[in-house]
Number of protein chains: 2
Amino acid sequence: MTSEQSKSDISRARILDAAAKTFRQKGYAATTLIEIARAAGMQAGSLYYHFGSKDELLEEVLDIGMRRVHEAVEESQERLPADSSHRDRIRVAVEAHLATLLKHDDYTSANIRIFGQVPEEVQKHHIRQRDAYAELWRRILTKAQKSGALRRDVDLGLVRMLLMGALNWSVEWYQPGRTSIRTIADHMCLMLFNGIGIEEPARSRENETVA
Amino acid sequence: MTSEQSKSDISRARILDAAAKTFRQKGYAATTLIEIARAAGMQAGSLYYHFGSKDELLEEVLDIGMRRVHEAVEESQERLPADSSHRDRIRVAVEAHLATLLKHDDYTSANIRIFGQVPEEVQKHHIRQRDAYAELWRRILTKAQKSGALRRDVDLGLVRMLLMGALNWSVEWYQPGRTSIRTIADHMCLMLFNGIGIEEPARSRENETVA
DNA sequence: GTCTATACCATGATAGAC
DNA sequence: GTCTATCATGGTATAGAC
């Protein structure tokens with residue numbers, strides 16, 4: 001049944017892809033249905049056979065994008081051996097989030113990038129979904145903290161925001177080929193767990209260059 | 001001479017304030033001149049006495065925003081005793097960046113938020129300015145690293161991006177009164193320098209988990 | 001300097017042919 | 001299912017009165 005693809009389904013998918021890509025690039029308001037239609041290989045009027053309005057199209061793009069990261073991070077946890085360390089749990093979550101965001105997923109990056117500038121009405125419809133994703137991260141971090149893998153004297157909510165910010169902002173600067181997603185994740189985790197400071201007097205030398 | 005304020009100057013300033021605020025909230029394309037004019041207490045047509053076009057107005061908002069953070073961070077460095085530690089240098093820079101961004105400065109936050117979705121032509125005009133700001137941070141971090149305050153085996157460019165991301169993203173979630181800017185800066189610096197991990201008995205593998 | 005009025009254009013959306 | 005044609009709206013920008 002999943003392999004059953006009517007012509008309608010195919011067009012729908014093409015439209016969504018085109019919309020995600022364009023929304024991501026130009027933002028919501030600056031994106032015209034004419035552009036989306038052209039990118040999808042059809043005329044603007046034809047979009048309305050598949051979607052009731054620009055906002056409906058937008059909402060589906062946002063929904064898909066958030067669902068994808070959520071699932072990716074969730075699966076990253078499930079795939080892990082039950083006895084994994086909390087650092088590893090966090091590490092794979094970071095990598096899953098980054099990978100979804102940066103590896104040709106216009107849906108998730110569109111969501112991250114434009115959510116703040118989308119009509120309020122639309123935002124309201126997606127708050128629950130965003131909260132659910134935040135809750136997933138909250139759980140991961142809280143468990144780590146409770147079992148002694150993270151310092152207790154920090155505001156985990158704040159840490160989560162800073163962490164998400166560091167990761168999400170990558171959509172603004174990441175360029176495929178220049179740095180691997182793995183390397184970004186490694187640096188993020190190093191900062192998160194160990195920091196990159198060096199104790200004042202001791203000249204600790206550890207000569208491994210992270211490429 | 002600075003206290004010399006013609007009526008024109010006052011209106012100009014009011015328009016810019018209104019524009020920064022609205023751009024920040026709604027994004028560039030979704031903001032209409034009608035809105036800006038109303039917020040500035042005049043009619044849309046009147047804006048053209050002060051600015052040649054919507055884009056010209058936008059460019060000035062972007063310019064002011066970037067100039068303000070740049071100056072704030074630069075001054076944070078100059079105000080510091082000459083013998084300050086590199087950690088302190090970085091700490092005050094972080095705080096200056098955050099403070100400018102979050103303390104009722106719609107200009108800087110507008111710049112941060114909408115830059116990626118502004119007409120290419122406009123972006124081009126501001127790349128040099130952004131590079132200069134990035135260069136300021138690059139210098140601060142590099143000096144710290146060279147003098148042994150930061151690990152040598154990290155990609156400082158990557159660290160800078162992650163750091164800026166964590167800070168910049170705060171415009172998306174910060175709410176005055178809930179957390180102090182100082183607290184955010186402290187958490188950021190703790191992560192950056194020490195990390196928030198606690199040594200776990202078993203593995204001492206730092207970053208690079210090569211499969 | 002700011003207003004009103006309006007030209008001009010682009011967009012989201014609809015209707016009906018094919 | 002997609003096209004063409006078209007409407008209605010709302011926006012940027014201009015012109016001229018005050």
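The figures here come from the full heavy-atom set of this structure, side chains too, leaving out hydrogens, waters and symmetry mates. Below, chain A is the first sequence line, B the second, and so on; all start at residue 1.
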(Q) Can you classify the ring geometry of A:Phe23 versus A:Tyr28 as parallel (below 30°), tilted (30 to 60°) or perpendicular (above 60°)? (A) tilted
Pull out every protein N or O sitting under 3.5 Å from an N or O of nucleotides 6-8 of chain C, one pair per line with the distance.
none

**Q.** Partner of A:Ile196 under side-chain contact (heavy atoms from CB on, under 4.5 Å), chosen from B:Leu163, B:Leu192, B:Asp153
**A.** B:Leu192
Q.
Between the opening five pairs and the closing five pairs of the helix from C:dG1-D:dC18 to C:dC18-D:dG1, how far apart are the helix axes, to 10°?
A. 0°
Q: Would you please name every residue forming a side chain to side chain donor-acceptor pair (under 3.5 Å) with B:Arg182, sequence neighbours left out?
A: B:Glu95
Q: Identify the heavy atoms of A:Thr108 and A:Asp105 that sit nearest to each other, and give their distance.
A: N-OD1, 3.2 Å
Q.
Could you measure the distance from the CD1 atom of A:Ile90 to the OG atom of A:Ser76? Nearest 0.5 Å is fine.
A. 11.0 Å
Q: Could you tell me whether B:Glu71 and B:Arg68 have a side-chain N and a carboxylate O separated by less than 4.0 Å?
A: no
Taking distance alone, no hydrogens or angles, what donor-acceptor pairs closer than 3.5 Å link side-chain atoms of residues 35-49 of chain B to residues at least two apart or in another chain?
residue : atom : partner : partner atom : Å
B:Glu35 : OE1  : B:Thr32 : N            : 3.2
B:Glu35 : OE2  : B:Lys26 : NZ           : 2.7
B:Ser46 : OG   : B:Gln43 : O            : 3.4

**Q.** For A:His126, all residues meeting ring-ring contact (aromatic ring centres under 6.0 Å, His included), sequence neighbours excluded
**A.** none
Q: For DNA chain D, determine which residues of residues 43-51 of chain B have any heavy atom closer than 4.0 angstrom to one of its atoms, and list them numerically.
A: B:Gly45, B:Tyr48
Q.
With the threshold set at under 4.0 Å for non-hydrogen atoms, list the residues of residues 11-32 of chain B touching DNA chain D in residue-number order.
A. B:Thr31, B:Thr32
Q: Please name all residues satisfying salt bridge (charged side-chain N to carboxylate O under 4.0 Å, His left out) with B:Asp88, sequence neighbours left out, ordered by chain then number.
A: B:Arg91
Q.
Check this for me, if you would: do A:Glu60 and A:Arg12 make a salt bridge, where the nitrogen-to-carboxylate-oxygen distance has to be below 4.0 angstrom?
A. yes
Q | Counterpart residues, side chain to side chain donor-acceptor pair (under 3.5 Å), relative to A:Trp137 (two or more places apart) | A | A:Tyr133
Q.
Please give me the minimum heavy-atom distance between B:His86 and B:Ser147, naming the atom from each residue.
A. NE2-OG, 2.8 Å
Q: Apply side chain to side chain donor-acceptor pair (under 3.5 Å) to A:Thr142 and list each qualifying residue two or more places apart in sequence or on a separate chain.
A: none
Q) Rounded to whole angstroms, how far apart are CD1 on A:Ile34 and C1' on C:dG12? A) 9 Å
Q) Measuring from B:Gln175:CD to B:Ser170:OG, what's the distance to the nearest 0.5 Å? A) 12.0 Å
Q) Under a criterion of less than 4.0 angstrom to any heavy atom of chain B, what are the 5'-terminal and 3'-terminal contacting nucleotides of DNA chain D? A) D:dG11 to D:dT14
Q) Does B:Lys21 come within less than 4.0 Å of B:Asp17, counting only side-chain N to carboxylate O? A) no
Q. Closest approach of A:Leu101 and A:Leu167, non-hydrogen atoms and distance?
A. CD2-O, 3.6 Å
(Q) For DNA chain C, which residues of residues 53-62 of chain A approach it to below 4.0 angstrom with any heavy atom? (A) A:Ser53, A:Lys54
Q) Are the side chains of A:Asp131 and A:Ile127 in touch, meaning some heavy atoms are under 4.5 Å apart? A) yes
